[in-house]
Amino acid sequence: MATVSSPVRVRFAPSPTGFLHVGSGHSALANWLVARQTGGEFLLRIEDTDAERNRPELVDNVLEMLQWLGLQWDGTPVHQSERGALYADAAASLERAGATYHCDCTGEAVQARNKAAGGKPGYDGFCRDRGLEAGPGRAVRFRTPDEGRTGWTDLVRGEVSFANEDLEDFVVVRGNGAPMFLLANAFDDADMGITHVIRGEDHVNGTPKYLLLVDALGLARPTAFAHMPLLVNEGRKKLSKRRDDVSMADYRARGYLPEAMVNYLALLGWGPADGVEVRPVEEIVERYRLEDVNASPAFFDQKKLSFVNAEHIRALSSAAFQERARPFLTRGDPAAEALASLATEVQERVRTLTEVEPMIEFLVVEEPTMDEASWAKAITKGKAVPEMLDASIARLEALDPEAWVPERIQEAIGRAAIDAGLVNAEGGPQLSKAQGPVRVAISGRTVGPPLWESITVLGRARTLARLRHTRGRLG
RNA sequence: GCCCCCAUCGUCCAGCGGCCUAGGACGCCUCCCUUUCAAGGAGGUAACACGGGUUCGAAUCCCGUUGGGGGUGCCA
């Protein structure tokens with residue numbers, strides 16, 4: 001299959017009926033990648049011809065999410081709602097060419113006839129030859145050919161074609177005068193000079209009608225189409241707003257990095273030849289090939305997304321990591337300062353930015369929130385817990401306040417372990433056992449950043465107070 | 001129902017007629033490292049849906065079957 005090389009002119013055409021969804025993001029990304037790669041243009045068109053469903057405020061969400069992802073579009077977004085006259089002209093030209101007719105059938109009437117005729121869906125052509133004039137409430141239908149085939153070369157699917165006899169006479173203008181999706185969509189693509197139509201697989205069935213319309217309008221067909229694989233859930237069903245986690249804004253709120261989202265989305269349906277999956281977007285722009293995109297549906301795997309996100313988090317400089325985490329710190333500046341003191345340790349341990357704060361929270365709050373499971377594991381079921389806490393208090397207290405550094409603290413805890421009888425075969429301290437009660441006492445949890453560093457940052461007074469408090473609870 | 005599409009490990013991707021006793025990644029499991037958890041290192045688990053062709057040779061090409069998905073609106 002030919003490679004897309006000369007500059008393309010592509011578009012992302014969302015309908016503002018919902019928040020930007022990871023599936024639309026996937027299609028938008030494919031368009032953007034190809035535009036950037038070929039030095040072409042990535043245009044935006046808001047398909048808001050349905051005044052009743054249209055929610056203008058959702059346009060903001062779509063634009064904001066595209067910007068968040070870094071998918072900057074070229075020029076000003078086109079709004080179909082402002083182009084009614086153009087569609088009316090197109091419809092008039094269709095009528096002059098005899099390509100359309102007026103229809104006054106109601107949906108119920110069509111259904112009833114279909115049922116009587118054996119239950120096949122679609123319009124039956126009832127008004128085709130009735131010669132109805134235009135009139136209020138009357139829709140305009142396109143007269144599809146009765147024979148022949150309509151097809152195209154799809155960059156991801158190869159040759160695709162439909163028998164014209166299977167294509168019903170579809171509506172191009174509604175009874176209220178509003179243009180239908182297919183008319184506005186096909187007309188605009190030609191009018192905007194779109195060379196490559198890249199969109200989801202759910203548009204495959206509408207493509208022959210689109211093509212018939214473009215031809216009847218005397219406009220040029222796009223150079224190529226590419227129907228991207230659908231993104232599916234664990235049940236292998238198309239991702240849906242109702243049952244799946246698909247809102248791009250939610251992923252942002254849950255601490256995913258836009259570069260990780262873009263990286264992961266690019267991996268759905270495609271993979272770089274060198275096998276390096278996690279990489280900067282510029283490298284994906286260079287390597288992406290529409291012709292190599294798979295036609296089969298891809299499962300949107302949040303576990304892998306998390307892995308990719310963790311990799312991108314670790315790739316950040318410490319300063320950048322702290323800056324990116326800042327909006328997720330609900331406890332403000334104190335939390336930011338706490339993070340600064342343990343940044344590299346935390347950065348290596350989180351998969352999303354929302355996991356940052358819980359890891360340093362013990363440094364910010366008065367008293368750490370005690371995790372019940374951790375208490376049960378390290379305190380209730382721990383070995384020589386009272387002894388270990390007593391010894392830690394004694395050893396840490398004896399430590400020169402000037403020497404409150406990780407190395408000295410490790411030594412002190414090591415001695416405390418030996419005092420408490422937590423020794424290994426060589427007579428050394430059994431640190432893995434010894435650190436449990438201390439960690440829970442100071443942070444409330446069994447997992448967290450390295451202990452010696454945590455104690456160093458917590459400070460002498462607070463560390464001793466928390467150890468004593470926990471010791472006190474044991475009686 | 002009809003039309004269209006899809007079919008390699010649980011998942012994503014590689015494979016485009018011999019290099020495949022099928023490779024990488026996520027996940028899961030084991031071990032190492034280790035103050036917890038991560039990270040890192042070493043292993044392991046696991047797939048060409050089925051049946052016919054074509055060919056000296058098929059995961060790769062063709063046909064069929066089965067399975068899955070999408071569409072089937074005066075929504076986009």
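Chain letters run A, B, ... following the sequence lines, proteins first and then strands; every chain starts at 1. Below, each value reflects all heavy atoms present in this structure, side chains not excepted, and no hydrogens, waters or symmetry copies.
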Considering only the P atoms, how many Å lie between B/rG51 and B/rA58, rounded to the nearest integer? 14 Å
Minimum side-chain heavy-atom gap A/Thr100-A/Val173 below 4.5 Å: no
Salt bridge check, A/Arg157 against A/Glu201: does any charged N sit closer than 4.0 Å to a carboxylate O? yes
Side-chain donor-acceptor contact under 3.5 Å, A/Asp48 with A/Ser81: yes
Step-by-step side chain to side chain donor-acceptor pair (under 3.5 Å) determination, A/Arg254 to A/Ser306: CA-CA 11 Å; A/Arg254 280 153 57 192; A/Ser306 290; over 6 Å; no
Quick check on RNA chain B: between A/Pro272 and A/Asp166, whose nearest nucleotide comes earlier from the 5' end? A/Asp166
Please report whether the ring centroid of A/Tyr210 lies less than 6.0 Å from that of A/Phe225. yes
So, under a plain 3.5 Å distance rule, would you say the side chain of A/Arg236 forms a donor-acceptor pair with the base of B/rU11? no
Given that A/Tyr264 and A/Ala163 both sit by RNA chain B, which one's nearest nucleotide is further toward the 5' end? A/Ala163
Using a 4.0 Å heavy-atom cut-off across all strands, classify A/Pro208 as base, sugar-phosphate, or nothing. nothing
Looking at every strand, decide which applies to A/Arg45 at a 4.0 Å heavy-atom threshold: base, sugar-phosphate, or nothing. nothing
My understanding is that only residues two or more places apart in sequence, or in another chain, count here; which of them pass side chain to side chain contact (heavy atoms under 4.5 Å, CB included) with A/Asn294? A/Ser296
Return a single string for nucleotides 71-76 of chain B, one symbol per nucleotide in 5' to 3' order, where B is base contact, S is sugar-phosphate-only contact and - is none, cutoff 4.0 angstrom on heavy atoms. SBBBBB
One thing to verify: whether A/Glu133 and A/Arg138 come together as a salt bridge, which I'm taking to mean a side-chain N less than 4.0 angstrom from a carboxylate O. no
Which whole number of Å gives the distance between the P atom of B/rC6 and that of B/rC61? 12 Å
Suppose you measure atom P in B/rC56 against the same atom in B/rC48; what distance do you get, rounded to whole Å? 27 Å
Paired nucleotide for B/rC12 [Watson-Crick or G-U wobble; both distances under 3.5 Å]: B/rG24
In whole Å, what is the span from the CZ atom of A/Arg349 to the P atom of B/rG40? 12 Å
Name the nucleic acid region contacted by A/Gln430, choosing base, sugar-phosphate or nothing; use a 4.0 angstrom heavy-atom cut-off, strictly under. nothing
Inter-nucleotide C1' distance (B/rG27, B/rA49), Å rounded: 23 Å
Mind running side chain to side chain donor-acceptor pair (under 3.5 Å) on A/Tyr251 and A/Gln302 for me, showing each step along the way? CA-CA 10 Å; A/Tyr251 283 92; A/Gln302 296 197 34; 3.2 Å; yes
Any-strand Watson-Crick or G-U partner of B/rC50, both distances under 3.5 Å: B/rG64
P spacing across the pair B/rG52 / B/rA59, given as an integer number of angstrom: 14 Å
Need one value for A/Pro450: base, sugar-phosphate or nothing, where a base atom within 4.0 Å counts as base even if backbone is also close, heavy atoms only. base
Paired with B/rC2: which nucleotide, if any, by Watson-Crick or G-U wobble criteria at under 3.5 Å for both distances? B/rG71
How would you summarise protein contacts on nucleotides 19-34 of chain B per nucleotide, using B for base, S for sugar-phosphate only and - for none, with heavy-atom distances below 4.0 Å? -----BBSS-------
A/Asn233 CG to B/rG68 C1', in whole Å, measures 13 Å
Nearest whole Å is fine: how far is B/rA39 P from A/Arg314 CZ? 6 Å
When rounded to the nearest Å, what value does the distance between P atoms of B/rA25 and B/rG44 take? 12 Å
Residues A/Glu259, A/Arg324: salt bridge by 4.0 Å N-O rule: yes
At what distance, to the nearest 0.5 angstrom, does CG of A/Asn233 lie from CG of A/Asp301? 12.0 Å
For B/rA22 and B/rC29, measure between their P atoms and round to the nearest Å. 25 Å
Of all pairs that satisfy salt bridge (Lys or Arg N to Asp or Glu O under 4.0 Å), the ones with a partner from residues 51-61 of chain A, not counting sequence neighbours: A/Asp50-A/Arg53, A/Arg55-A/Glu57
Mind checking who B/rU34 pairs with, Watson-Crick or G-U wobble, both distances under 3.5 Å? none
Separation of B/rC6 atom P from A/Lys237 atom NZ, nearest Å, is 19 Å
Taking only residues at least two apart or on different chains, which pairs with a member in residues 139-149 of chain A satisfy side-chain hydrogen bond (donor to acceptor under 3.5 Å, both in side chains)? A/Arg128-A/Asp146, A/Thr144-A/Asp169, A/Arg149-A/Ser161
Report which part of the nucleic acid A/Lys433 touches: base, sugar-phosphate, or nothing (heavy-atom distance under 4.0 Å, all strands). nothing
In whole Å, what is the span from the CE atom of A/Met359 to the C1' atom of B/rA39? 12 Å
Report the nucleotide, chosen from B/rA38, B/rG69, B/rU36, that has the shortest atom-to-atom distance to any side-chain atom of A/Glu201. B/rG69
Residue pair A/His203, A/Phe181: steps toward the ring pair (Phe, Tyr, Trp, His ring centres under 6.0 Å) verdict: CA-CA 11 Å; A/His203 289 288; A/Phe181 161 71; 5.7 Å; yes
In this structure, how many angstroms lie between the P atom of B/rG40 and the CD atom of A/Gln347, rounded? 13 Å
Among B/rU35, B/rC12, B/rC3, the one nearest any side-chain atom of A/Ala298 is B/rC12
Select base, sugar-phosphate, or nothing to describe what A/Leu230 touches, counting heavy atoms under 4.0 Å on all strands. sugar-phosphate
Both distances under 3.5 Å, Watson-Crick or G-U wobble: report the partner of B/rA39, or none. none
Does a donor on one side chain and an acceptor on the other come within less than 3.5 Å for A/Arg174 and A/Thr49? no
With a 4.0 Å cut-off on heavy atoms, is A/Trp452 in touch with a base, just the backbone sugar-phosphate, or nothing at all? base
Here the distance between atom P of B/rU11 and atom CH2 of A/Trp270, to the nearest Å, is 22 Å
Regarding B/rC5, can its base be found pairing with the side chain of A/Arg157 as donor and acceptor, where the two atoms are less than 3.5 Å apart? no
Given the P atoms of B/rG40 and B/rU45, what is the spacing between them in whole Å? 22 Å
Return the pairing partner of B/rC56 with a 3.5 Å limit on both distances, Watson-Crick or G-U wobble; otherwise return none. B/rG18
Please work out which of the three classes, parallel, tilted or perpendicular, describes the rings of A/Tyr87 and A/Phe187, given edges at 30° and 60°. perpendicular
Looking only at side-chain N and O atoms, does A/Asn294 come under 4.0 Å of OP1 or OP2 in B/rA14? yes
Protein-nucleotide distance (A/Glu291, atom CD; B/rA14, atom P), rounded to Å: 13 Å
How would nucleotides 41-47 of chain B be written as a contact map, 5' to 3', with B for base contact, S for sugar-phosphate-only contact and - for no contact, using protein heavy atoms under 4.0 Å? -------
